[in-house]
Structure formats: C-alpha cells, structure tokens
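Taking it in order: structure first as structure tokens, then the write-up.
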Amino acid sequence: MIMERTFSIIKPDGVKRNIIGKILAKIEESGLRVVATKTMHMSRREAEQFYAVHSARPFFGELCEYMTSGPVVVSVLEGKNAVASYRELMGATDPSKASKGTIRAEFGLSIGENTMHGSDTLENAAIEVAYFFSGTELVNSAK
Ligand code: ATP
Ligand code: MG
C-alpha cells in the first residue's frame with residue numbers, strides 16, 4: 001500500500017450544522033491524518049472552476065450556488081490508499097444510497113447537500129490540493 005494525499009471539503013451544510021469536529025473525528029478514526037485544514041468561503045469563480053467537469057450537467061448552477069452559500073472546510077488528508085479509502089468513508093453521492101457507517105449516510109441531507117467532497121483520483125487530488133493550499137501550508141506529517 002502506498003501513502004497518498006487526498007483533498008476533502010466539508011460542504012456548507014456540514015459547517016452550518018456545526019459538525020466539523022464530528023466529521024474530522026471520523027476521518028481520524030479511519031486512520032487518515034489531517035495534514036492541513038482551513039475554513040474558507042468559496043467565490044462563484046472558484047466553485048465553477050472546481051466543478052468544471054460538471055459544467056454541462058443540469059445541476060451545475062444549483063451546485064455552484066450551494067457551494068458558495070456559506071463557508072466550507074477544506075482539508076488535505078494523508079494515509080495509505082487515501083484517495084480510495086476516503087471515498088469509501090464518505091459513501092455514495094446520494095446519502096440515501098450510501099452504506100451504513102459512512103459520513104454521507106450519517107450526515108448527508110440530499111444528493112446535492114451531501115456534506116462532503118473527496119477527490120476521485122490521485123491526479124485530481126494533486127490538482128485540488130494545489131488549487132486550495134500553498135506549499136507552505138502543507139507540513140510534513142508526523143512519522
Ligand atoms: P464530489 O465530487 O462532491 O466528491 P461525487 O464525486 O460523489 O461528489 P459527482 O458526480 O462528482 O459526485 O457530483 C459532484 C457533486 O454534485 C455531488 O457531490 C453533489 O453535491 C452534486 N450532484 C451530483 N449529482 C447531482 C444531482 N443529480 N442533483 C443535484 N446535485 C448533484
Ligand atoms: Mg466528484
């Protein structure tokens with residue numbers, strides 16, 4: 001197994017409901033390490049660029065509206081097979097279809113307001129980390 005870094009967002013519905021700590025605890029309990037984390041409020045431009053792959057989808061406008069509706073918590077997570085293991089911990093996009101014990105099953109409100117984002121590939125993880133964090137914000141993790 002290879003040590004990887006992935007990128008996570010606690011979306012506005014999670015921040016609004018004051019469950020940042022509960023979610024980060026679940027991430028840590030899964031064995032992943034939080035390398036960097038911060039609260040931010042995405043601009044419309046940032047949301048549109050971040051979700052550009054979905055720009056032709058009917059829900060794109062709604063998605064960008066939602067992602068800019070309040071603050072989010074962006075984090076860099078590190079661990080063995082971090083990309084896949086974090087996707088597994090998050091659960092399916094639609095919380096009603098997410099497996100029991102996953103973050104989206106426990107906290108997700110709807111397919112749109114599904115509490116979390118996690119990178120889908122190692123390549124996208126690197127792009128997303130670099131989009132939201134500068135090199136000086138990324139410390140070496142504890143060994
Ligand atoms: P994310 O990229 O946020 O981690 P994902 O990879 O599970 O989620 P994607 O297919 O990439 O799912 O969709 C991106 C986001 O767009 C979803 O997390 C959700 O917030 C929103 N979304 C996806 N499908 C729909 C839909 N049918 N209706 C409304 N919103 C949707
Ligand atoms: Mg996705």
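Note that ligands are numbered from 1 as they come in the structure, with each ligand's atoms numbered from 1 the same way.
With a 6.0 Å cutoff to the six-membered ring centre and a 45° limit on the axis angle, K38 counts as a cation-pi contact of F133.
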Any chance you could lay out the side-chain hydrogen bond (donor to acceptor under 3.5 Å, both in side chains) test for Y66 and D13, step after step, and finish with the verdict? CA-CA 9 Å; Y66 161 60; D13 67 276; 2.2 Å; yes
Starting from the C-alpha separation in whole Å, work towards a yes-or-no answer on ring-ring contact (aromatic ring centres under 6.0 Å, His included) for Y51 and F60. CA-CA 8 Å; Y51 277 123; F60 183 66; 7.9 Å; no
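Interface of G118 with ligand 1, defined as ligand atoms under 4.0 Å from a residue heavy atom, comprises 4 (O). Below 4.0 Å from some heavy atom of K11 lie the following atoms of ligand 1, by number and element: 3 (O), 17 (C), 18 (O), 20 (O). Near N114, the atoms of ligand 1 lying under 4.0 angstrom from a non-hydrogen atom of the residue are 17 (C), 18 (O), 19 (C), 20 (O).
Scanning the protein for heavy atoms near atom 26 (C) of ligand 1, the closest one is F59 CD2, 3.5 Å. Among protein heavy atoms, the minimum distance from atom 28 (N) of ligand 1 is reached at I111 CG2, 3.7 Å. Protein heavy atom nearest atom 12 (O) of ligand 1, with residue, atom name and distance: T93 OG1, 3.3 Å. Nearest protein heavy-atom neighbour of atom 20 (O) of ligand 1: G112 O, 2.9 Å.
Taking 4.5 Å as the limit, every side-chain heavy atom of E4 sits out of range of all side-chain heavy atoms of K80. Using a 4.5 Å heavy-atom threshold, the side chains of T37 and V74 count as separate.
If you look at D120 next to ligand 1, there are no close heavy atoms at all, none under 4.0 Å. At a heavy-atom cutoff of 4.0 Å, ligand 1 is contacted by no atom of M67, backbone or side chain. The residue E113 has no part lying near ligand 1, judged by heavy-atom distances below 4.0 Å.
One option in E128, R87, H54 has a heavy atom closer to atom 11 (O) of ligand 1 than any other, and that option is H54. Between atom 8 (O) of ligand 1 and the options M116, M90, H117, R104, the minimum heavy-atom separation is to R104.
Follow the hydrophobic side-chain contacts under 4.5 Å out from V72 and you never reach M116; the two are in separate clusters.
With sequence neighbours left out, the side chain to side chain contact (heavy atoms under 4.5 Å, CB included) criterion links S85 to L32.
Within the 4.0 Å heavy-atom cutoff, L63 counts among the residues contacting ligand 1. Residue Y51 places a heavy atom less than 4.0 Å from ligand 1.
Aromatic ring centres of F50 and F132 lie closer together than 6.0 Å.
Of the possible polar contacts, none joining the E106 side chain to the I103 backbone as a donor-acceptor pair under 3.5 Å is found.
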